[in-house]
A.B. asks: 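I have a structure I would like to understand better, so I am pasting it below and will then ask my questions one at a time.
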Amino acid sequence: MKKDLAFYRKLFTSTFYLSAFTFGGGYVIIPLMRKKFVEQFHWIEEEEMLDLTAIAQSAPGAIAVNASILIGYRLAGFVGAMVTVAGTVLPPLIILSVISLAYTAFQNSLIVALVLRGMQAGVAAVIADVVISMGWDILKKKKILPIFIMFASFLASVVFDINVILIILVCAVIGLLATLHDERNGKAGA
């Protein structure tokens with residue numbers, strides 16, 4: 001598939017729009033990227049989006065930027081990655097620059113405080129949607145190891161308060177070992 005200027009423009013405007021209207025961090029932009037690139041444009045498969053999300057979450061840096069790099073690179077190589085990074089980084093840069101100019105006026109504003117409180121509720125709902133949809137996708141596959149990893153990771157984090165980095169590293173090792181085992185036995189996945 002040859003990439004033309006219209007494709008790059010669509011890629012940039014999509015990530016710019018998502019980034020401009022996403023409040024609450026990278027966990028909020030992931031389901032919106034999924035809706036845009038998987039459901040609307042059909043540029044990426046659901047399974048691949050889950051893989052890209054896992055990589056974006058486990059790599060150092062902002063999740064939104066990491067996901068943009070991975071999606072852009074997957075769709076259009078290095079140029080695609082640069083286009084999506086620009087589209088993702090510019091909105092917060094512009095918004096924060098404007099806010100910083102008027103910070104003292106915003107600092108004690110009751111209206112701004114109420115708007116931010118309302119946005120927190122919306123962000124919580126979007127994050128809950130991500131958890132439910134990604135969790136449901138894992139459960140639908142009816143594979144024991146991923147389901148076990150999902151519940152064990154939840155318990156390790158919430159109940160036992162184990163550091164998330166350690167949980168991610170253990171899950172990565174388990175996934176690697178399961179993949180190597182499946183490849184040796186000629187299976188198609190864990």
Side-chain angles (χ1 to χ4, degrees), residues 1-97 122-123 125-141 143 146 149-150 153 164-165 168-169 171-176 178-180 182-183 187-190:
M1 177 169 143
K2 187 174 187 293
K3 311 294 186 232
D4 58 358
L5 189 57
F7 173 82
Y8 289 112
R9 186 180 307 117
K10 193 173 191 179
L11 194 57
F12 176 81
T13 55
S14 295
T15 53
F16 188 91
Y17 175 81
L18 290 173
S19 182
F21 295 102
T22 303
F23 296 91
Y27 292 106
V28 177
I29 201 169
I30 297 294
L32 299 176
M33 286 180 160
R34 183 179 154 268
K35 285 184 191 331
K36 180 69 77 177
F37 298 119
V38 174
E39 295 175 9
Q40 183 180 346
F41 294 149
H42 305 286
W43 288 347
I44 298 176
E45 295 295 321
E46 180 75 32
E47 181 75 22
E48 189 171 15
M49 186 67 197
L50 289 172
D51 292 342
L52 294 175
T53 300
I55 294 168
Q57 290 173 336
S58 59
I63 293 172
V65 175
N66 292 346
S68 292
I69 291 169
L70 293 169
I71 289 171
Y73 189 81
R74 161 61 182 83
L75 294 174
F78 180 77
V79 175
M82 293 300 103
V83 168
T84 55
V85 166
T88 302
V89 171
L90 281 175
L93 179 67
I94 293 167
I95 292 168
L96 289 173
S97 296
V123 166
V126 172
I127 291 173
D129 177 55
V130 172
V131 170
I132 291 167
S133 65
M134 291 178 78
W136 184 248
D137 288 340
I138 290 171
L139 291 172
K140 281 194 302 190
K141 292 176 186 168
K143 293 184 179 179
I149 290 172
M150 180 176 68
S153 298
V164 175
I165 294 170
I168 291 171
L169 290 174
C171 290
V173 170
I174 293 170
L176 175 66
T179 301
L180 291 173
D182 288 346
E183 284 182 1
K187 295 179 185 174

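Quick caveat: nothing in here was measured; it's all calculated off a predicted structure.
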A.B. asks: Measure the shortest side-chain to side-chain distance between M150 and L139 over non-hydrogen atoms and say whether it is less than 4.5 angstrom.
C.D. replies: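 Contact flag for M150/L139 side chains = yes.
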
A.B. asks: Kindly compute the distance separating CZ (F37) from CG (L11), expressed to the nearest 0.5 Å.
C.D. replies: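 Rounded to the nearest 0.5 Å, the CZ-CG separation comes out at 5.5 Å.
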
A.B. asks: When you compare the side chain of R34 with that of E39, does any pair of heavy atoms fall below 4.5 Å?
C.D. replies: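 Heavy-atom side-chain distance check passes, below 4.5 Å.
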
A.B. asks: Measure across I71 and M49 and return the closest heavy-atom pair with its distance rounded to 0.1 Å.
C.D. replies: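 Minimum heavy-atom separation between I71 and M49: CD1-CE, 3.8 Å.
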
A.B. asks: Is the closest basic N to carboxylate O distance between K140 and E46 below 4.0 Å?
C.D. replies: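 Looking at E46 together with K140, the answer is no, because their closest N to O distance does not fall below 4.0 Å.
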
A.B. asks: Applying side-chain contact (heavy atoms from CB on, under 4.5 Å), can you list everything that pairs with T88, at least two apart in sequence or on another chain?
C.D. replies: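 Per chain and number, T88 pairs via side-chain contact (heavy atoms from CB on, under 4.5 Å) with T15, S19, A64, V65, S68.
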
A.B. asks: About how many Å separate CG of L70 and CD1 of I55, when rounded to the nearest 0.5 Å?
C.D. replies: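 That separation rounds to 5.5 Å.
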
A.B. asks: Return yes when atom CD of E45 has more than 12 non-hydrogen atoms of other residues, nucleotides or ligands closer than 6.0 Å, and no otherwise.
C.D. replies: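 Not more than 12 within 6.0 Å, no.
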
A.B. asks: Testing the basics here: between S14 and F41, what is the closest heavy-atom pair and its distance to 0.1 Å?
C.D. replies: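 Closest pair (atom of S14, atom of F41, distance): OG-CE1, 3.3 Å.
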
A.B. asks: For W43 and F7, take the angle between the two ring planes, folded into 0 to 90°, and tell me which bin it lands in: parallel under 30, tilted 30 to 60, perpendicular over 60.
C.D. replies: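 Rings of W43 and F7: tilted, 30 to 60°.
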
A.B. asks: What distance do L32 atom CG and F21 atom CZ have between them, rounded to the nearest 0.5 Å?
C.D. replies: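 Result: 12.0 Å between the selected atoms.
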
A.B. asks: Of all the heavy-atom pairs spanning I69 and A81, show the shortest one and how long it is.
C.D. replies: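 In this case the closest contact between I69 and A81 is O-CB, 3.7 Å.
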
A.B. asks: For Y17, is the OH atom crowded, meaning more than 12 foreign heavy atoms sit under 6.0 Å from it?
C.D. replies: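 Check fails, neighbour count at 12 or below.
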
A.B. asks: Among pairs that include at least one residue of residues 72-87, which meet side-chain hydrogen bond (donor to acceptor under 3.5 Å, both in side chains), considering only residues two or more places apart or in two chains?
C.D. replies: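 Of all non-adjacent pairs touching residues 72-87, those that pass side-chain hydrogen bond (donor to acceptor under 3.5 Å, both in side chains) are E48-R74.
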
A.B. asks: With a 4.5 Å heavy-atom cut-off, do D51 and E47 have their side chains touching?
C.D. replies: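 Touching, per the 4.5 Å side-chain cut-off.
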
A.B. asks: Give, for atom CD1 of I174 and atom OG1 of T179, the distance between the pair rounded to the nearest 0.5 Å.
C.D. replies: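 Between atom CD1 of I174 and atom OG1 of T179 there are 11.5 Å.
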
A.B. asks: Which heavy atom of P91 sits nearest to which heavy atom of A86, and what is that distance?
C.D. replies: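 Distance-wise, the nearest heavy atoms are CD-O, 4.4 Å.
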
A.B. asks: Can you tell me how far the CG atom of D4 sits from the NZ atom of K10, to the nearest 0.5 Å?
C.D. replies: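 Rounded to the nearest 0.5 Å, the CG-NZ separation comes to 10.5 Å.
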
